[in-house]
Q: 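Sharing a structure below in structure tokens format, with a few things to ask.
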Amino acid sequence: MSGTFLGMPALPVYGHGNLNATEPFPKAAHRELGNAQLRANLGHATRTIRDKRLHVVSELPDWEDMRDAGSAIKNATMANLPALLEQFEANFTARGGIIHWARDAQEANQVVTELIQATGETEVVKVKSMATQEIGLNEYLQEQGIAAFETDLAELIVQLDRDLPSHILVPAIHKNRSQIREIFLREMEDVDPELTNEPARLAEAARRHLRRKFLTAKVAVSGANFGLADTGTLAVVESEGNGRMCLTLPETLITVMGIEKLLPSWRDLEVFMQLLPRSSTGERMNPYTSLWTGTTPGDGPQNVHLVLLDNGRTAALADELGRTALNCIRCSACMNVCPVYERTGGHAYGSTYPGPIGAILSPLMTGIKSEENNSLPYASSLCGACFDACPVKINIPEILVHLRGVDVDSQRSKVKVPSQMDLMMKGAEWAFSDGAHLNLLEKGLPVGRLAAGRDKVIKKLPGLAGKWTQSRDIPAPPGQSFRQWWAKEHGAADGVEPSVGDQQSEGKQSEGEQA
Amino acid sequence: MKIALFATCIVDAMYPRTARATVSILERLGHEVVFPPGQACCGQMHVNSGYFKEAHPVVANHVKAFDTDDYDVAVAPSASCVASVKHQHELVARRCGDAALEARAAVVGAKTYELSQLLTDVLGVTNAAEQLGSHFPHTVTYHPSCHGMRLLRLGDRQLNLLASVDGIEMVELPEADQCCGFGGTFSMKNADVSSAMMEDKAANICGTGAELCSGGDASCLMHIGGGLSRQGSAVGTLHFAEILASTLDNPVTVAGDVQLAGGRR
Ligand code: SF4
């Protein structure tokens, strides 16, 4: 509990806290899909941000170069993380800050609690922080008799409603204005009973509610968007200014930051201050950027602490193909373009990190064998929209596929009886590893055609394929495969003989095939 | 030019018309088409489902079938299969520790083109009506498949070819760049989300008033078409190769009769 350097752990340490899904994604998604209001709210919100982002990104002629730069800086950071962390620690400490290293959620929660207890306070204000959400800090503090007040408007809404965030940037994205008004009327003391759902009125109500907290709070807890190794500086980027109040008014400031948030130098910030706002809120620049380096006598918090959190980040780093997931700057662009996220919302992912990045980051941090996190890499159609949108070019689809491979291999060693999917893949391996095998199977096409009947469609299939026919037909197969047609036209070759189906071919045009 | 056709497993077995249309187009341009008989599948389904071990023999089979100097370029009427050949085969070989396969896969991948890529970039087709005699007097909307759009960066190649067909009327598809929800085994593993995506796509297609929706990937078209069919919609799906192959003398037929509107494939 001090500035002691514990160093990078030799073995990957898996993460704990709000990173584990407790039910398989398809099941959670099924439930969330039933919520029409949620789908409407999400569809509207993501579409709006998506369009704004496209607009401001297209203004920059060098956007692609900037993405490359962002990606290169982050890759270099990850390749050199231990040394950069030490450099950061030295600079942060030299300027009057105190560093605490936390191996996992439990350690981090303990450190923060003890720091608060040392001040004698029982209330803290908070500026939105994903890291503290990840470790479940608010709940932990509550158990110790410390009340934590979120000051970010969306976080406040979620907190007042005792709900969970469903988006990393717009945690209350799943709620509309009328729902927010109801929450305020219900939960805020001395709120104006005439409150309407106009954004300005809602913001005003929140401002009044928060002002009292800001003016009395002696301790603040924050997250950080960036840590700059060469100066020991921390940065918070936000839209409302509530964060700045937290960062400047209290006497004690405790920041919790994942170890991957570093950038090597102050200069690198230039790239990210262009990438982040445009990707996240679709703004050219965010309204408030706060940077602080240690303490300044007589100005701002005099006790400045930083908890550097691992909680599974070294485990992700140890995965050679997955480690670029740590490059994430939490802009949320990937979830705003993701068709799966748009329909299920963030809660379906069961983790602080939802959407495409969550589908890779959570299992990387907890290990694929943890709880139901092995269903997350399959929560994607691999459409690739996330990769295109990501400002630091994380190849999410490729990592999804990699993690599916890790999952399949881990099941192989664990499960004795092969699943339906295993059997299907095994069968397809046989069929697809030799043209002659496929030809043999294709001789059965007329049978499928017969089964389809006069409608020429198949409406119900057994087993796994039945999932397909729950909402889609399958066309009747043709009387002969292309391969068989070709063999007939060009003479049989290499195990491809004209099939029975050919001989009884119904004539060239009847299949709708051009001659 | 001698062109090797990679028919892909789904086109070979379910949509032979698409492969025959591809042959017809290429032959009309004066090229010789060959069909490497050992071919079966690109292995994409295995890879995308995480079955790398099972993908290995499938990839090896494809590379063996196409690893000859007997042709100039290979072509497939499927963006996602071409993307797999170009981007996944080396990965699979590497993951399975097969360096020899990795090297040969790179050679095969470099020679493989998606159909609109080959037509536009290599064979110089800019006007299908003039150069191919394509004639298709119908209203068509177009869905760009994700892998064509994002992995192969096909841009408007397929759309431009379609628009240059004689008699065709192209109507724009709202939210065209949204995934149709197929995603291979995703449509089974996450059937509910996949259906929701398909339903939105189908609604957008129906809203255009087009007689059918075209595209460049048989699997996506099967997914969209299967949904439209289940909803009782008269709108069908048709691969762009079949539209390009359609001529005044030999029009493409849908559902056995030439009536498009009201007909089901
Ligand atoms: S993965 Fe990329 S797009 Fe998604 S939140 Fe992280 S930085 Fe943004």
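Basis for what follows: all heavy atoms, side chains included, without hydrogens, waters or symmetry-related copies. So you know, we letter chains A, B, ... as the sequences are listed, proteins then strands, and number each from 1. Everything quoted here is computed from the prediction, not taken from an experiment.
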Q: Heavy-atom distances under 4.5 Å only: say whether B/Val33 touches chain A with side chain, backbone, both or neither.
A: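 Backbone plus side chain of B/Val33, per the 4.5 Å heavy-atom cut-off to chain A.
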Q: Tell me, side chain or backbone of B/Gln88 under 4.5 Å from chain A's heavy atoms, or both, or neither?
A: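 Looking at B/Gln88, nothing touches chain A.
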Q: So what's closer than 4.5 Å to chain A heavy atoms on B/Lys64: side chain, backbone, both or neither?
A: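 Contact with chain A is absent: no heavy atom of B/Lys64 under 4.5 Å.
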Q: Where on B/His46 is there a heavy atom nearer than 4.5 Å to chain A: the side chain, the backbone, both, or neither?
A: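 Contact with chain A involves both backbone and side-chain atoms of B/His46.
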Q: Tell me yes or no: between the side chains of A/Arg472 and B/Ser195, is some donor less than 3.5 Å from an acceptor?
A: yes
Q: Tell me, for B/Val23 versus chain A, whether the close heavy atoms (under 4.5 Å) come from the side chain, the backbone, both or neither.
A: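 Contact with chain A involves the side chain of B/Val23 alone.
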Q: Select one option (side chain, backbone, both, neither) describing which atoms of B/Ile224 are under 4.5 Å from chain A's heavy atoms.
A: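 Interface part for B/Ile224: neither.
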Q: Who wins among A/Glu32, A/Arg39, A/Glu342 for the most heavy-atom pairs under 4.5 Å with chain B?
A: A/Arg39
Q: Which answer fits B/Met149, side chain, backbone, both or neither, if we ask what part of it has an atom under 4.5 Å from a heavy atom of chain A?
A: neither
Q: Using heavy-atom distances under 4.5 Å, tell me whether B/His56 contacts chain A through its side chain, its backbone, both, or neither.
A: neither
Q: Just how far is it from atom OG of A/Ser481 to atom CE of B/Met14, taken to the nearest 0.5 Å?
A: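 The distance works out to 12.0 Å.
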Q: Just checking A/Lys393: does its NZ atom have more than 12 heavy atoms from other residues, nucleotides or ligands closer to it than 6.0 angstrom?
A: yes
Q: Go through the steps to decide whether B/Asp192 and A/Gln470 satisfy the test side-chain contact (heavy atoms from CB on, under 4.5 Å), and finish with yes or no.
A: CA-CA 9 Å; B/Asp192 297 318; A/Gln470 78 178 25; 3.3 Å; yes
Q: Which atoms of B/Ala7 come close to chain A, meaning under 4.5 Å heavy atom to heavy atom: side chain ones, backbone ones, both, or neither?
A: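 Just the side chain, heavy atoms under 4.5 Å.
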Q: Considering only heavy atoms and a distance below 4.5 Å, find which of A/Met424, A/Arg404, A/Lys467, A/Glu429 pairs most often with chain B.
A: A/Glu429
Q: Given heavy-atom pairs under 4.5 angstrom as the criterion, report whether the side chain, backbone, both or neither of B/Leu151 touches chain A.
A: neither
Q: Are A/Glu398 and B/Arg95 ion-paired here, with the side-chain N under 4.0 Å from a carboxylate O?
A: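 Salt bridge: no.
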Q: Where does A/Leu321 contact chain B at under 4.5 Å (heavy atoms): side chain, backbone, both or neither?
A: side chain
Q: For each of A/Ala379, A/Ala29, A/Ser380, tally heavy-atom pairs with chain B at distances under 4.5 Å, and name the one with the top tally.
A: A/Ser380
Q: With a sphere of 6.0 Å drawn around NE2 of A/His437, does it hold more than 12 non-hydrogen atoms of other residues, nucleotides or ligands?
A: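 Counting neighbours around NE2 of A/His437, more than 12 heavy atoms of other residues, nucleotides or ligands fall under 6.0 Å, so yes.
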Q: Between A/Asp388 and B/Arg153, does any side-chain N to carboxylate O distance fall below 4.0 Å?
A: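 Yes.
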Q: Could you tell me which portion of B/Glu54 (side chain, backbone, both or neither) has an atom closer than 4.5 angstrom to a non-hydrogen atom of chain A?
A: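 Contact with chain A is through both the backbone and side chain of B/Glu54.
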Q: Report yes if some heavy atom in the side chain of A/Pro475 is under 4.5 Å from a heavy atom in the side chain of B/Met222; otherwise report no.
A: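 Sidechains of B/Met222 and A/Pro475: in contact.
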Q: Where does B/Ser145 contact chain A at under 4.5 Å (heavy atoms): side chain, backbone, both or neither?
A: neither
